[in-house]
2 protein chains.
Amino acid sequence: MVADMISRSSGLALYLQVADAIRQKIISGEMAPGSLLPSEKYLAEEYDVGRDTIRDAMAYLRGEGLVESKRGYRSRVRANTSRERVWLHQGEVVWARMPTPQEKKDHGLGDGVPVLVVGDRTYPADRFEFGRE
Amino acid sequence: MVADMISRSSGLALYLQVADAIRQKIISGEMAPGSLLPSEKYLAEEYDVGRDTIRDAMAYLRGEGLVESKRGYRSRVRANTSRERVWLHQGEVVWARMPTPQEKKDHGLGDGVPVLVVGDRTYPADRFEFGRE
DNA sequence: CCCAATTTGTACGTATGTATA
DNA sequence: TTATACATACGTACAAATTGG
């Protein structure tokens, strides 16, 4: 029974404890990239918390870029994508921030995926990296 | 009255409409960087929605890195920080992702701030940028 | 230093909508 | 069509942090 790992008196918010537990399963590989998570209803019963608490935990993990959700289907562990390498030209500078809604739409980005900014162009951070030759 | 801008039949979720409205005020400068937002209670009345809807909108804006919240105090428009420039050495590669909880703690990062990764080191994306000389 | 008001955070509930299988 | 699952939106209550008197 996994619910033993959740403490209502630890001082740490329940949803963060749930997020920690699920994150650990993802990092350890117990939940493989691309695999489906249990339903929110199931998780709520497993950890003996309300569904809202599970939703908060999932939202937190989405923000970390660890899971992705879509309506009507169970959430999924985000698969690691390979990044295309782009060489920085002389004088170019790269930085990162979260995408605007328009950029999320344009690049088809889920939650928890930043963009890399070079000049006036943005690149999805899960598909690009920048290097110096 | 701003509530006119919120439509319950537009098909777009109310919290996204609220987020859009507040984001526009931030981008336009009507809400200056560093300034305090109205309380959630006030916003709920202003837009004539539940507090939960306002909270969802705020969480969305936090995820975008536009606002920051702390318990007991009103949310604040994130101030633009200046980024320290670091030169990439030959062969180095930089990419970005969301921080782990440990990295958030170590760097004192709020929501919606990615980290830049170079080798086995991470740099807060709101305080660093990488360039090629 | 303490107290009260304010504000956000957490957690529960219910109901309904919408996408997927 | 039906069942399942996540999304949205309302409500309530209390906890915890901050501010200011």
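Numbers restart at 1 for each chain; the letters A, B, ... are given by sequence-line order, proteins then strands.
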Problem set entry | side chain to side chain donor-acceptor pair (under 3.5 Å) between A:Ser35 and A:Arg76, worked out | CA-CA 6 Å; A:Ser35 66; A:Arg76 188 184 295 274; over 6 Å; no
Exercise. Between B:Glu68 and B:Ser75, does a side chain to side chain donor-acceptor pair (under 3.5 Å) hold up when you go through it step by step?
Worked result: CA-CA 6 Å; B:Glu68 49 196 355; B:Ser75 295; over 6 Å; no
Exercise. Do A:Val115 and A:Tyr123 touch side chain to side chain, with heavy atoms closer than 4.5 Å?
Worked result: no
For this session: Output, in order, the C-alpha distance, side-chain angles, deciding distance and verdict of side chain to side chain contact (heavy atoms under 4.5 Å, CB included) for B:Met98 and A:Met98.
Result: CA-CA 9 Å; B:Met98 297 312 286; A:Met98 296 312 286; 3.4 Å; yes
For this session: Go through the steps to decide whether A:Asp20 and A:Gln24 satisfy the test side chain to side chain donor-acceptor pair (under 3.5 Å), and finish with yes or no.
Result: CA-CA 6 Å; A:Asp20 286 346; A:Gln24 193 49 47; over 6 Å; no
For this session: Check whether the ring centres of B:Phe130 and A:Phe130 lie less than 6.0 Å apart, and answer yes or no.
Result: no
For this session: For A:Lys41 and D:dA5, give me the distance from atom NZ to atom P, rounded to whole Å.
Result: 7 Å
For this session: Go through the steps for B:Thr100 and A:Glu64 under the test side chain to side chain donor-acceptor pair (under 3.5 Å), then give the verdict.
Result: CA-CA 7 Å; B:Thr100 65; A:Glu64 292 182 353; over 6 Å; no
Below 3.5 Å is the cut-off: list the nitrogen or oxygen pairs between protein and nucleotides 8-15 of chain D, distance only.
unit_1	atom_1	unit_2	atom_2	d
D:dT8	OP1	B:Tyr15	OH	3.0
D:dT8	OP2	B:Tyr15	OH	3.0
D:dA9	OP1	B:Leu14	N	2.3
D:dA9	OP2	B:Leu14	N	3.1
D:dA9	OP2	B:Tyr15	N	3.0
D:dC10	OP1	B:Arg8	NH2	2.6
D:dC10	OP2	B:Gly50	N	2.9
D:dC10	OP2	B:Thr53	OG1	2.1
D:dC10	O5'	B:Gly50	N	3.4

Please tabulate, one pair per line, each protein N/O and nucleotide N/O from nucleotides 3-6 of chain C that are separated by under 3.5 Å, including the distance.
none

Problem set entry | Candidate list B:Val113, B:Leu66, B:Leu61, test side chain to side chain contact (heavy atoms under 4.5 Å, CB included), partner B:Arg78, passing option | B:Val113
For this session: Return the value, rounded to whole Å, for the distance between atom CG of B:Leu36 and atom C1' of D:dT18.
Result: 12 Å
